[in-house]
Chemist: 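First, the structure itself, so that you have it in front of you.
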Protein chains: 2
Amino acid sequence: LNSGTFIQTRRMLNSLPRTEVAHMIESSPPKTRAVLWQLINSDIEGEILPHLSDEVQSQILSQMDTNEVVAAIEGLEPDDLADILQQLPNQVIREVLDSMDHQDRQRIEQVMSYPEDTAGGLMNTDVITVRPTITLDVVARYLRRHDELPEMTDNLYVVSRRDEFIGLLPLRKLLVSDPSITVREVMNTDVTPIHADVDDSEVAQLFERHDLISAPVVNTEGQLLGRITIDDVLDVIREDADHSLMSMAGLGEDEDTFSPFSKAAPRRAIWLGINLLTAFAASAVINLFQGTIDKVVALAVLMPIVASMGGVAGTQTLTVVIRGMAMGHIGSNNSGWLINRELLVGFANGLCWALVVAVVAMLWFNDTTIGAIIAAAMLINLVTAALAGAVLPLLLKKMNIDPALAGSVALTTVTDVVGFLSFLGLATLAYA
Amino acid sequence: LNSGTFIQTRRMLNSLPRTEVAHMIESSPPKTRAVLWQLINSDIEGEILPHLSDEVQSQILSQMDTNEVVAAIEGLEPDDLADILQQLPNQVIREVLDSMDHQDRQRIEQVMSYPEDTAGGLMNTDVITVRPTITLDVVARYLRRHDELPEMTDNLYVVSRRDEFIGLLPLRKLLVSDPSITVREVMNTDVTPIHADVDDSEVAQLFERHDLISAPVVNTEGQLLGRITIDDVLDVIREDADHSLMSMAGLGEDEDTFSPFSKAAPRRAIWLGINLLTAFAASAVINLFQGTIDKVVALAVLMPIVASMGGVAGTQTLTVVIRGMAMGHIGSNNSGWLINRELLVGFANGLCWALVVAVVAMLWFNDTTIGAIIAAAMLINLVTAALAGAVLPLLLKKMNIDPALAGSVALTTVTDVVGFLSFLGLATLAYA
């Protein structure tokens, strides 16, 4: 980079929307990231950080010294600040908190007292509250004393003298109503505020089902603590949706696409190791039938077909069930129907492809017995795959194990073992 | 159901938020769905339909006669109405359009002139427009003439005399500004309106990157056609996120968890058939080495390990790359780095687990040669898997084939074939 381009790049980077810059950083390998971060003016670093994923955030924070961190995160919103602070050493957290005024520190400490993945951890404290007894005209004058209303303000919050949440005053109602009537007469009271302890996935479902832009958060006494806005909920929705996809491959939902080799390799190694164990289990099953394979080598040629078709069919069922569970569709009242349908689908498709495989195997090896054996094994394995794919995630969830993470390993173990066992077992009986 | 419970259920159902009812319908097997739909008052059917997935929508619509459909969808917003109309026979569409007044029909026809998955198909026409020259006081009086502002109204749209989009007037600015100044003085002009032809995934990315609640849609002449709101974008984000998960198992992103057997079975059968072809390809490779397996049966016992580990490692790489592509992280400038890292990870983990497998195989079969062979094959297959997992999706995308759908089949074909070929090929050389 000659210095002309350098200055141009710097200017361009600092004039882009913060979220664009964050996206650019996320889309870069580690070294480019470090260079980009150097080019960013220190006064806007804090506005970019909240838009990065946790992993990239901590990568960048680890390369900054305490003073830089303190300067960068000054003036962030409480929820973003709390997220970032949780990634820093205790020493730095204390320094940051000490540098703040009393009121700000109290706000941060309140947000940080709730886990990151709860409503309390998601909330912001930038709410505008009004009393139910005042007139809309007074509200309008009160608002005009602000330089600007907080972003994503669609409602004002109506609270009692003791800060208890009473209702919402939507701006779009405020603007069309007669200024002389009171807040109480126009406010919405059919709103259930979200308790601070509620899980963030549940918050996301509430936002989706009720088309919310913001929602009030309260403590057990019903006092208004803050509000959650849709921009923060979007991240939760993205992460929840990615969770199933990534976990089924043994990856983290927040996995950095460009994480360095030193981080990516060990994580993947563990997953491969677990799968190696299940592969050995399958080998142990084959080992039982060495004698039969020695007699009929064609068995070795065909046996992967049965196992592989079971794995594919089982993965389909597993994916449907895991996604259904993630969307909150599956409960004790309908899981029976679902298992039944999957068994039926498994049986029908097992039968269909068993016939095809049987014909091909017979013609290929000019042996009717081997056709009959592979057909029977295929049917057995596809029905087993359907059962395992539907029941395993439900069982795992009951045992509080993440079905998306453990489900696919457990499933392929079942379909491999049953596939080889049924095919080679039947062959041993037939060719004995 | 005795009639007391029946009436209670009906009352409960009709008083729930529409989105809750939709969720209940989505979470039910087909028969329960039909019963629930019967219990819903016909005047709220139209409010529930837009919250159902396309598949469930068409299932329910197919059971209603034309008059019922016309009555149900009366008064829906243009984007929702257009979505539903597109699922109906032409005859019904014409009847519905005929039953509307001129202005409504024009609006619907405009939305329907754009494909469902574009900005034009997502937009609504319920915008409130103002001229730049009037004062905020006039705006306030104009708003007060409305009974209610449309939901999700966070901005008013500033347009020229010829309806060209000029800028936004955020409500949160309107409320804090001096009533005597003009719209031009407070409006936001650094907003790029979305062109009606833009792809819906791109719209979703814009909303996510700029934290939008609503955004203006314009035609090629820059005239304001309508606006897109975050609630409709949420559905796009959900579907895009589900797309990778579902496609990798050969399922549709919009797959109904409780689709009846008659629909689920044929769809899955096709995917199984494609996979059967790849399984036969793997068998054909094994078939080449019948002689070697006949000599050393232990090969048959160990060969699935090499193929399976390749499949798992490749799927990890594939998943990372497909997700990275879906998030817009991967481009021509960084794909080289990514392929390199994956190759390195594949090589390192291949080496690591090759050693473990070699030791186990040697001890198990008391044969040093077989240990060396499986180690070499494992390393070859894990490096191949990394390469295939990283390059295949990029290649498929260039060929305009959906990488999430075709990637996993293509990948396992590669890892199975290379796995068996390298293991049995090396064994043939060693035991010749």
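A note on names: the letters A, B, ... follow the listed sequences, proteins ahead of strands, and every chain is numbered from 1. All values below were derived from every heavy atom in this structure, side-chain atoms included, with hydrogens, water molecules and symmetry-related copies excluded.
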Chemist: Of the backbone (N, CA, C, O) and the side chain (C-beta and beyond), which part of B/L174 lies under 4.5 Å from a heavy atom of chain A, both, or neither?
Modeler: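 For B/L174, the contact with chain A is made by the side chain alone.
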Chemist: Select, from B/I286, B/L143, B/T315, B/L175, the one with the greatest count of heavy-atom pairs under 4.5 Å involving chain A.
Modeler: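 Result: the option with the highest number of such pairs is B/L175.
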Chemist: Could you have a look at A/S177, A/A140, A/P266 and say which one has the most heavy-atom pairs with chain B under 4.5 angstrom?
Modeler: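 Answer, by heavy-atom pair count under 4.5 Å with chain B: A/S177.
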Chemist: Looking at residues at least two apart in the chain, or sitting in another chain, which of them share a salt bridge (Lys or Arg N to Asp or Glu O under 4.0 Å) with A/E255?
Modeler: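 Partners of A/E255 under the salt bridge (Lys or Arg N to Asp or Glu O under 4.0 Å) test: A/R267.
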Chemist: Quick check on B/I213 against chain A: is it the side chain, the backbone, both or neither that has a heavy atom closer than 4.5 Å?
Modeler: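 B/I213 touches chain A through side-chain heavy atoms alone.
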Chemist: For A/M325, is it the side chain, the backbone, both, or neither that has a heavy atom closer than 4.5 Å to a heavy atom of chain B?
Modeler: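 When you check distances to chain B, no heavy atom of A/M325 falls under 4.5 Å.
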Chemist: State plainly whether the residues A/E20 and B/R209 are in salt-bridge range, i.e. N to O under 4.0 Å.
Modeler: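 Answer for the salt bridge query: yes.
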Chemist: Counting heavy-atom pairs under 4.5 Å with chain A, which one of B/T317, B/D242, B/T32 comes out on top?
Modeler: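 Ranked by heavy-atom pairs under 4.5 Å with chain A, first place is B/D242.
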Chemist: Taking side chain as everything from C-beta outward and backbone as N, CA, C, O, which of these in B/F365 sits under 4.5 Å from a heavy atom of chain A? Side chain, backbone, both or neither.
Modeler: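 The side chain, not the backbone.
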Chemist: Please indicate whether B/F347 has more than 12 foreign heavy atoms, meaning atoms of other residues, nucleotides or ligands, lying under 6.0 Å from its CZ.
Modeler: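 No, CZ of B/F347 has 12 or fewer neighbouring heavy atoms, counting only those of other groups under 6.0 Å.
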Chemist: Is it the side chain or the backbone of B/D147 that comes within 4.5 Å of chain A heavy atoms, both, or neither?
Modeler: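 For B/D147, backbone heavy atoms alone lie under 4.5 Å from chain A.
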Chemist: Just so I understand: if I count every heavy-atom pair under 4.5 Å between each of A/L318, A/L338, A/D154 and chain B, which residue has the most?
Modeler: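 Greatest number of close heavy-atom pairs with chain B: A/L338.
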Chemist: Looking only at atom types and distance, does a side-chain atom of B/R172 sit under 3.5 Å from a main-chain N or O of A/T153, one as donor and one as acceptor?
Modeler: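 Not at all, since once roles are kept as given, no pair shorter than 3.5 Å links the two residues.
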Chemist: When heavy-atom pairs shorter than 4.5 Å are enumerated against chain B, which of A/V297, A/T278, A/I293 gives the highest number?
Modeler: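 It is A/V297.
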Chemist: In terms of side-chain geometry, is the basic nitrogen of A/E148 or B/K173 positioned less than 4.0 Å from the acidic oxygen of its partner?
Modeler: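 Result for this pair is no, no salt bridge flagged.
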Chemist: Measure distances from B/M152 to the heavy atoms of chain A and classify the residue's part below 4.5 Å as side chain, backbone, both or neither.
Modeler: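 Both backbone and side chain.
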Chemist: Between A/N275 and B/V312 (side chain of the first, backbone of the second, donor and acceptor by atom type, cut-off under 3.5 Å), is there such a pair?
Modeler: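 Such a contact is absent between A/N275 side chain and B/V312 backbone.
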Chemist: Check whether any side-chain N or O of A/W353 sits under 3.5 Å from a backbone N or O of B/A269 as a donor-acceptor pair, and report yes or no.
Modeler: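 Present.
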Chemist: Can you tell which part of A/L382 gets under 4.5 Å to a heavy atom of chain B, answering side chain, backbone, both or neither?
Modeler: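 Side chain only.
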Chemist: Which answer fits A/F420, side chain, backbone, both or neither, if we ask what part of it has an atom under 4.5 Å from a heavy atom of chain B?
Modeler: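 Contact with chain B is through the side chain of A/F420 alone.
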Chemist: Considering only heavy atoms from C-beta outward, does the side chain of B/F280 approach that of A/P304 to under 4.5 Å?
Modeler: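 A side-chain contact is absent here, since even the closest heavy-atom pair is not under 4.5 Å.
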Chemist: Check whether A/E239 gets within reach of chain B through its side chain, its backbone, both or neither, counting any heavy atom under 4.5 Å.
Modeler: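 When you check distances to chain B, no heavy atom of A/E239 falls under 4.5 Å.
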Chemist: Looking only at heavy atoms, what is the nearest atom pair of A/A249 and B/Q316, with distance?
Modeler: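 That closest heavy-atom pairing would be O-NE2, 2.9 Å.
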Chemist: What part of B/V356 lies closer than 4.5 angstrom to a heavy atom of chain A: side chain, backbone, both or neither?
Modeler: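 Only the side chain of B/V356 comes within 4.5 Å of chain A.
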Chemist: Identify which of B/P29, B/P17, B/A279, B/A241 forms the greatest number of heavy-atom pairs closer than 4.5 Å to chain A.
Modeler: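 Going by pairs under 4.5 Å, I would pick B/P29.
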Chemist: I need the residue from A/A284, A/G291, A/S259 with the largest number of non-hydrogen atom pairs under 4.5 Å to chain B.
Modeler: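 Between A/A284, A/G291, A/S259, the count favours A/S259.
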Chemist: With a 4.5 angstrom heavy-atom cut-off, could you sort out which part of B/P260 is near chain A: side chain, backbone, both or neither?
Modeler: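 Contact with chain A involves the backbone of B/P260 alone.
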Chemist: Backbone N or O of B/M24 within a donor-acceptor pair of the A/H329 side chain at under 3.5 Å?
Modeler: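 Not confirmed, A/H329 side chain does not pair with B/M24 backbone.
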Chemist: Got a second to check how far B/S28's OG is from A/N334's CG, nearest 0.5 Å?
Modeler: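 One finds 7.0 Å between OG of B/S28 and CG of A/N334.
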Chemist: Sort A/N287 into side chain, backbone, both or neither according to what part of it lies under 4.5 angstrom from a heavy atom of chain B.
Modeler: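 A/N287 touches chain B through backbone and side-chain heavy atoms alike.
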Chemist: Verify, without hydrogens or angle tests, whether A/S283 (side chain) and B/V301 (backbone) share a donor-acceptor contact under 3.5 angstrom.
Modeler: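 Flag set: sc A/S283 to bb B/V301 pair under 3.5 Å.
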Chemist: With a 4.0 Å cut-off on N to O distance, would you call B/R268 and A/E342 a salt bridge?
Modeler: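 Judged by the 4.0 Å cut-off on N to carboxylate O distance, B/R268 and A/E342 do form a salt bridge.
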Chemist: I'd like to know whether B/L245 forms a side-chain contact (heavy atoms from CB on, under 4.5 Å) with A/M248, so could you lay out the CA-CA distance, the side-chain angles of the two residues, the decisive distance to 0.1 Å, and finally the verdict.
Modeler: CA-CA 9 Å; B/L245 173 72; A/M248 281 180 78; 3.8 Å; yes
Chemist: If you count heavy-atom pairs within less than 4.5 Å of chain A, which of B/T19, B/V176, B/L276 leads?
Modeler: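 That would be B/V176.
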Chemist: Hey, which of A/N349, A/D256, A/D231, A/D294 has the most heavy atom pairs under 4.5 Å with chain B?
Modeler: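 Ranked by contacts with chain B, first place is A/N349.
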Chemist: Which bit of A/I230 is near chain B, if near means a heavy-atom gap under 4.5 Å: side chain, backbone, both or neither?
Modeler: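 Contact with chain B: side chain only.
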Chemist: To the nearest 0.5 Å, tell me how far B/K31 NZ sits from A/W337 CH2.
Modeler: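 Reported to 0.5 Å precision, the distance equals 10.0 Å.
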Chemist: For A/A22, what residues pass the side chain to side chain contact (heavy atoms under 4.5 Å, CB included) criterion, not counting sequence neighbours?
Modeler: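 With sequence neighbours excluded, A/A22 shows a side chain to side chain contact (heavy atoms under 4.5 Å, CB included) to A/I48, A/H51, A/L52, given in chain and number order.
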Chemist: Heavy-atom distances under 4.5 Å only: say whether A/L272 touches chain B with side chain, backbone, both or neither.
Modeler: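 Both parts, backbone and side chain.
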Chemist: Check whether A/V360 gets within reach of chain B through its side chain, its backbone, both or neither, counting any heavy atom under 4.5 Å.
Modeler: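 Interface part for A/V360: side chain.
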Chemist: Side chain, backbone, both or neither: which part of B/S308 has a non-hydrogen atom closer than 4.5 Å to chain A?
Modeler: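 Interface part for B/S308: side chain.
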Chemist: So, B/R238 side chain and A/E208 main chain: donor-acceptor pair closer than 3.5 Å or not?
Modeler: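 Side chain of B/R238 to backbone of A/E208: no pair is present.
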Chemist: Please answer whether the main-chain N or O of A/E253 pairs with a side-chain N or O of B/R323 as donor and acceptor at a distance below 3.5 Å.
Modeler: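 Checked: pair present.
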Chemist: Between A/V233 and chain B, which part of the residue has a heavy atom less than 4.5 Å away: side chain, backbone, both or neither?
Modeler: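 No part of it gets close to chain B.
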Chemist: Quick check for you: among B/S408, B/A300, B/P170, B/G324, which has the greatest number of heavy-atom pairs under 4.5 Å with chain A?
Modeler: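 Heavy-atom pairs under 4.5 Å are most numerous for B/A300.
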Chemist: So which residue, B/G311, B/P150, B/G346, B/A348, ends up with the most heavy-atom pairs under 4.5 Å with chain A?
Modeler: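 Of B/G311, B/P150, B/G346, B/A348, B/P150 has the most heavy-atom pairs under 4.5 Å with chain A.
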Chemist: At a heavy-atom distance under 4.5 Å, which candidate from A/A264, A/G273, A/A313 has the highest pair count against chain B?
Modeler: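 With the most close heavy-atom pairs to chain B, the winner is A/G273.
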Chemist: How long is the span from the OG1 atom in B/T229 to the CG atom in A/D211, to the nearest 0.5 Å?
Modeler: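 Interatomic distance, B/T229 OG1 to A/D211 CG, rounded to 0.5 Å: 8.0 Å.
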Chemist: Stepwise, does the side-chain contact (heavy atoms from CB on, under 4.5 Å) test hold for A/T257 with B/M327?
Modeler: CA-CA 10 Å; A/T257 310; B/M327 296 181 75; 5.6 Å; no
